[in-house]
Amino acid sequence: DWRDTETDRPKAPYELFKPQDGLFDENVILQIKNGPSDFQVREPLSPLFGAIDSTAMCLELQITQEYTGQQRDVYNLATQWEEVYSFPLDKNSSLRDIAGKKIIAQAGVSSVGLDKNWTGHTLAQCNLYAFGRLAWNPALTADQITREWIKLTFGTNKRIVDVISHIMTNSRAVYEKYNTPLGLCWMVSPEHHYGPSPEGYEYMKWGTYHRANREAVGIDRTRRGTGFAAQYTPYLTEIFDDKTTCPEEYLLYFHRLRYDCKLKDGRTLLQRIYDDHFEGADAVRSFIEEWKTLENLLKSEKSDVYHSVLNRLYMQLENAIEWRDVINTYFYRFTGVPDEKGREIYP
């Protein structure tokens with residue numbers, strides 16, 4: 001009996017699994033991706049972690065950056081994973097509280113190539129390091145892990161540590177801004193998953209993912225819409241169901257909103273999309289200038305690394321500008337509403 005007879009919708013996982021013991025043998029470990037989509041830049045925690053009591057679980061993380069820059073764009077996964085472990089299960093607990101208890105293993109999807117530094121982007125090595133550190137101690141913060149890795153890789157010079165730490169700590173937020181902010185997801189080029197394609201996956205058989213039209217964008221996944229929000233514990237369902245309490249970073253994951261909808265800071269949704277994409281590309285320029293300040297400090301022993309990272313940052317800037325222009329133009333063509341700040345959006 002897996003459907004609610006009144007709504008004919010699937011019951012929430014906690015209704016299905018929680019009362020049942022012996023659903024699997026005692027030696028079974030159920031491996032679950034951290035989110036319900038597929039390692040996107042921003043997605044909520046999988047509701048299964050709050051729904052299963054009797055079966056041991058394994059948290060699956062993606063170390064390789066399939067949708068997060070493919071180790072061409074700097075993206076510090078430790079920051080994202082700290083958010084994963086901090087995600088609430090209910091009012092009184094987070095995922096971190098069941099690590100080592102209900103969650104007894106951590107798995108990583110990873111790929112290393114033929115580059116001398118394994119990962120192509122030297123700074124992406126930190127993601128391998130962070131995975132191992134968090135597997136042993138989920139209480140560690142992203143800042144602790146990142147600074148540990150920087151000191152082990154580049155030495156303890158304070159200037160070097162501070163600059164690289166600043167770039168890496170902010171890299172996740174910067175990538176999210178020029179990519180798909182507010183939990184939008186899936187505007188990426190099909191097949192190779194690098195670069196923007198607003199409708200690349202939109203009309204495939206497993207879509208759709210944003211349903212943008214002339215008036216609105218996003219998917220209503222509340223109990224009034226697809227019902228997905230009801231798969232979480234009641235505490236979280238209530239939060240996600242209401243656009244005024246839903247965390248803004250997940251707003252378009254759980255809600256469909258008009259472009260003129262006002263956000264908490266007074267900006268319209270459309271202006272927030274424009275601003276994020278311009279700010280994201282500008283931030284990558286700042287990363288380049290910050291990195292250049294390290295040239296004299298790295299030129300002796302780390303000269304190859306210095307130039308390798310700099311080249312990757314220039315590559316990232318090209319990518320960020322492409323994302324900015326393609327996504328902003330996409331929404332401008334739908335709405336005909338220009339940027340309030342007069343910045344250029346190509347028609």
Side-chain angles (χ1 to χ4, degrees), residues 31-35 37-46 49 57-87 94-100 103-113 115-157 160-176 179 193 249 283 287 290-291 294 302 305 308-309 312-313 316:
Q31 185 167 316
I32 305 169
K33 291 182 179 181
N34 65 270
S37 295
D38 185 24
F39 303 119
Q40 294 298 290
V41 178
R42 176 75 66 174
E43 56 180 306
L45 188 72
S46 170
F49 289 107
M57 292 178 284
C58 169
L59 169 64
E60 180 182 338
L61 301 173
Q62 188 184 69
I63 308 169
T64 189
Q65 297 170 227
E66 181 182 2
Y67 294 99
T68 56
Q70 297 191 355
Q71 297 168 191
R72 289 182 270 190
D73 296 18
V74 60
Y75 190 103
N76 192 28
L77 283 165
T79 305
Q80 185 169 348
W81 294 339
E82 182 180 354
E83 295 168 0
V84 169
Y85 271 110
S86 300
F87 201 96
S94 68
L95 186 72
R96 187 176 288 108
D97 294 316
I98 63 172
I103 298 175
I104 64 170
Q106 179 175 292
V109 180
S110 182
S111 62
V112 295
D115 301 87
K116 290 182 180 179
N117 64 4
W118 286 18
T119 55
H121 201 311
T122 297
L123 302 187
Q125 292 176 3
C126 185
N127 295 332
L128 289 166
Y129 181 80
F131 175 84
R133 292 292 278 130
L134 282 170
W136 287 105
N137 185 1
L140 291 172
T141 67
D143 182 67
Q144 286 176 297
I145 294 169
T146 302
R147 286 181 173 271
E148 278 182 11
W149 177 82
I150 293 169
K151 291 175 181 177
L152 290 169
T153 306
F154 292 93
T156 58
N157 179 287
I160 294 175
V161 173
D162 287 347
V163 168
I164 299 178
S165 176
H166 182 264
I167 292 172
M168 294 181 68
T169 299
N170 288 280
S171 62
R172 183 260 205 281
V174 167
Y175 190 90
E176 182 176 26
N179 191 272
H193 298 166
E249 59 266 32
F287 285 171
E290 288 181 72
W291 184 258
L294 301 181
K302 299 287 185 179
V305 172
S308 173
V309 172
R312 294 275 168 166
L313 289 173
Q316 180 171 356

Working to the nearest 0.5 Å, report the span between CG of Asp143 and CD of Glu148.
10.0 Å
Nearest heavy-atom contact between Gln144 and Ala139 is OE1-O, 4.4 Å
Can you list the steps and then say if Ser308 with Asn117 is a side chain to side chain donor-acceptor pair (under 3.5 Å)?
CA-CA 10 Å; Ser308 173; Asn117 64 4; 4.7 Å; no
Heavy-atom distance under 4.5 Å between the side chains of Ile98 and Met57, does that happen here?
yes
Any side-chain heavy atom of Val41 within less than 4.5 Å of one from Tyr75?
yes
Any side-chain heavy-atom pair of Ile164 and Leu294 under 4.5 Å
yes
Using modelled atom types and a 3.5 Å cut-off, is there a donor and acceptor pairing between side-chain atoms of Asn127 and backbone atoms of Leu77?
yes
Verdict with reasoning, Tyr175 to Gln316, per side chain to side chain donor-acceptor pair (under 3.5 Å)
CA-CA 9 Å; Tyr175 190 90; Gln316 180 171 356; over 6 Å; no
The criterion is ring-ring contact (aromatic ring centres under 6.0 Å, His included); which residues satisfy it with Tyr67, sequence neighbours excluded?
Trp186, His193
List the residues meeting ring-ring contact (aromatic ring centres under 6.0 Å, His included) with Phe287, not counting sequence neighbours, and say none if there are none.
none
Might you work through the side-chain contact (heavy atoms from CB on, under 4.5 Å) test for Val305 and Thr153, ending with a clear yes or no?
CA-CA 11 Å; Val305 172; Thr153 306; over 6 Å; no
Ignoring hydrogens and geometry, is there a side-chain-to-backbone donor-acceptor pair from Thr119 to His121 under 3.5 Å?
yes
Are any side-chain N or O atoms of Glu82 and backbone N or O atoms of Ala142, one a donor and one an acceptor, separated by less than 3.5 Å?
yes
CA sep, side-chain torsions, deciding dist, call: Ile160, Lys302, side-chain contact (heavy atoms from CB on, under 4.5 Å)
CA-CA 12 Å; Ile160 294 175; Lys302 299 287 185 179; over 6 Å; no
Short question: side chain of Ser165, backbone of Asp162 - any donor-acceptor pair under 3.5 Å?
no
Measuring from atom CD of Gln106 to atom CD of Glu60, what distance do you get when rounded to the nearest 0.5 angstrom?
10.5 Å
Euclidean distance, Gln65 CD relative to Ser110 OG, rounded to 0.5 Å:
10.0 Å
Evaluate Asp73 against Thr68 for side-chain contact (heavy atoms from CB on, under 4.5 Å), listing each step before the verdict.
CA-CA 8 Å; Asp73 296 18; Thr68 56; over 6 Å; no
Take Trp149 and Arg133 through the test side-chain contact (heavy atoms from CB on, under 4.5 Å) and record every step on the way to the result.
CA-CA 10 Å; Trp149 177 82; Arg133 292 292 278 130; over 6 Å; no
Which residue pairs satisfy the salt bridge (charged side-chain N to carboxylate O under 4.0 Å, His left out) criterion with at least one member in residues 163-175, sequence neighbours excluded?
Glu83-Arg172, Arg172-Glu176
Heavy atoms of Ile63 and Phe131 approach each other most closely as CD1-CG, 3.6 Å
Any side-chain to backbone donor/acceptor pair from Arg96 onto Pro138? Under 3.5 Å, distance only.
yes
Between Ser94 and Ser86, what is the shortest heavy-atom contact and its length?
CB-O, 3.6 Å
Kindly compute the distance separating CH2 (Trp118) from CG (Leu128), expressed to the nearest 0.5 Å.
7.5 Å
Between Val161 and Ile150, which heavy-atom pair has the shortest distance, and what is it?
CA-CG2, 3.8 Å
Checking the side chain of Gln71 only, and the main-chain atoms of Ala124 only, is there a donor and an acceptor separated by less than 3.5 Å?
no
Tightest non-hydrogen contact, residues Leu134 and Leu140, listed as CD2-O, 3.8 Å
Separation between OG1 of Thr146 and NE2 of His166, rounded to the nearest 0.5 Å:
13.0 Å
Which heavy atom in Ala99 sits nearest to a heavy atom in Tyr85, and how many Å separate them?
CB-CE2, 4.1 Å
Value rounded to 0.5 Å, distance of CD1 in Ile167 from CD in Glu290:
5.0 Å
